[in-house]
Amino acid sequence: MTELRQAKEWPLAIFTLALQLACGVAIATTVAAAYSPAQSVLRRTLGSAVFPLVALGLAVSLAHLGRPLSAWRALSNIGNSRLSLEVLLTSAFAVSSLAYSFLEWTSTTALRFPIGAITSILGIAAVIASAAIYRIPTRPIWDSGWVIASFAGSTVMVAGLALASLWTPTRPAIFIVLSGCALLFLSGARMWSRCFQFPPHPNLLHMWFAGYLLLVVLGPVLLTIMPVNGAPLACCAAVTGIFAGRMLMFAVAELEPRF
Amino acid sequence: MVRRQIAFFVDATRCINCKTCEVACKDANDAAVGRRIRRVRSFEAGEFPEIFAYNLSMACNHCEDPACVRQCPAKAYTKRESDGIVIHDPERCIGCRYCTWVCPYGAPQYDEREGRVRKCNLCVEELDRGGTPVCVSSCPLRAIEIGMLDEIAQRPGVTIEISSTPPSELTKPSIRYRIRKEARRD
């Protein structure tokens, strides 16, 4: 399983996962607060967790760099480089999420909705920018649009699961979770099908793919079976599945023959 | 705006895959183990009984539209206006490796030891002193030359469209090959 061992991009897998988790949670807590302004302990906890998640992602992403102390230079080419744009938008998201998490932590209601909305929009922009990084013709397995579907699916699924935890009426939340699940499943299945074009594809790779798709589907299933207490379990399954899928995304790029 | 683009000319009909250019480049650039700033690739093609093999020596192609210059977040790459050489500044490199993803030719090589990328700068110091790059001077078959792209492209029988290389429209590489016609894409 050389390809999976060679997947040295774990900092990027954690970074993209943390970014999408933070964005999904920011959207869910902002929407939940708009519909039911009464304070709840869970919403306060989730809202406060947005900034630590982004900060964790940014900190871990430094491990990807050969020279982390020069990371500030990544903002030097904003007009042309997609990577510069991603760093800029993620930094803006981090600053906004710091304000949002502070408001949630201190249970301050003033400005909470506009700051929550700005944080969510910046989060969506950062997720889109991070997906755009992988639209490169030299890596056809990434350059098909499914990476954007996967990143969007993760964000939507996390937002839906957070809403399912926050809202008593869970039907709309389940619908959102199912939408995210469908995006993740389709993108994962497409990636899997592409792997067959590049032999050898070892059995462990197929097992990993099967496990990933199973975990992704398990979230909505748990939520449907146990609408009241299923959300935490569904969250665990979804986050584990998304992380497994992200590691696969980097691993399969090694399978593809390159010049 | 580049005034006049410099380019490589590689005569693949002469190349015998001795890898002298590769070794000389590695030595001149003190490249780490496993990192090959210039690489000779060997390809087999055709169908029995009409089979053949050919060798392509390639480093950075100093492309006319280089993806590394566009996408490097730290602006570690610049394209020299006077001759279009794509120069990598290791001092600005942050080791993000995005250039190794976007370059179709695998030219930027990540050096784990230094935590940054290295690539062919066309021995620019030597070139500015009136010399030639080490790959050119070391080739025992005289299969590698440098010159101006507009002149090299006019030579009879040269091409950039080779079936085993990435499509040239991606970055417009400043290299031309003389190669047997069966290996061509055009």
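As the structure is a computational prediction, the values presented were derived from the model and not from experiment. Residue numbers start from 1 in every chain, and the chains themselves are labelled A, B, ... in the order their sequence lines are given, proteins ahead of strands.
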**Q** Measuring heavy-atom distances to chain B, does A/Leu85 have an atom under 4.5 Å in its side chain, in its backbone, in both, or in neither?
**A**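 For A/Leu85, there is no contact with chain B at all, as no heavy atom is under 4.5 Å.
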
**Q** So, B/Arg92 side chain and A/Arg73 main chain: donor-acceptor pair closer than 3.5 Å or not?
**A**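 Judged by distance alone, no pair lies under 3.5 Å.
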
**Q** At a heavy-atom separation under 4.5 Å, does B/Leu170 approach chain A through its side chain, its backbone, both, or neither?
**A**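 Contact with chain A: side chain only.
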
**Q** Keeping the roles fixed (side chain from A/Thr138, backbone from B/Trp101), state whether a donor-acceptor pair exists under 3.5 Å.
**A**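 Flag set: sc A/Thr138 to bb B/Trp101 pair under 3.5 Å.
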
**Q** Where on B/Cys72 is there a heavy atom nearer than 4.5 Å to chain A: the side chain, the backbone, both, or neither?
**A**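 Just its backbone gets close to chain A.
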
**Q** I want to check something: taking the side chain as every heavy atom from C-beta on, are B/Pro73 and A/Val87 in contact at a cut-off of under 4.5 Å?
**A**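 Counting from C-beta outward, B/Pro73 and A/Val87 never come under 4.5 Å.
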
**Q** Just verifying a value: how many Å separate B/Tyr98 OH and A/Asn77 CG, rounded to the nearest 0.5 Å?
**A**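 These two atoms lie 11.5 Å from each other.
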
**Q** At a heavy-atom distance under 4.5 Å, which candidate from A/Gly79, A/Ala74, A/Pro68, A/Ser81 has the highest pair count against chain B?
**A**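 Counting heavy-atom pairs under 4.5 Å, the top option is A/Ser81.
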
**Q** Any idea how B/Phe43 and A/Phe259 line up, ring-wise: parallel (<30°), tilted (30 to 60°), or perpendicular (>60°)?
**A**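 It falls in the parallel class, under 30°.
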
**Q** Quick check on A/Ile136 against chain B: is it the side chain, the backbone, both or neither that has a heavy atom closer than 4.5 Å?
**A**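 The side chain, not the backbone.
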
**Q** Go through the atoms of B/Glu112 and report whether side chain, backbone, both or neither lie under 4.5 Å from a heavy atom of chain A.
**A**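 It is the side chain, since no backbone atom gets that close.
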
**Q** Please flag which part of A/Trp142 lies under 4.5 Å from any non-hydrogen atom of chain B: side chain, backbone, both or neither.
**A**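 The side chain, not the backbone.
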
**Q** Give, as side chain, backbone, both or neither, the part of B/Val117 having an atom under 4.5 angstrom from any heavy atom of chain A.
**A**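 B/Val117 has no heavy atom closer than 4.5 Å to chain A.
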
**Q** Are any side-chain N or O atoms of A/Arg82 and backbone N or O atoms of B/Gln71, one a donor and one an acceptor, separated by less than 3.5 Å?
**A**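 Answer holds: no.
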
**Q** Counting heavy-atom pairs under 4.5 Å with chain A, which one of B/Cys93, B/Gly115, B/Cys103, B/Gly106 comes out on top?
**A**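 Max contact count across the listed options: B/Gly115.
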
**Q** Heavy-atom pairs under 4.5 Å with chain A - which of B/Pro167, B/Ser164, B/Gly95 has more of them than the others?
**A**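 Heavy-atom pair counts peak at B/Gly95.
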
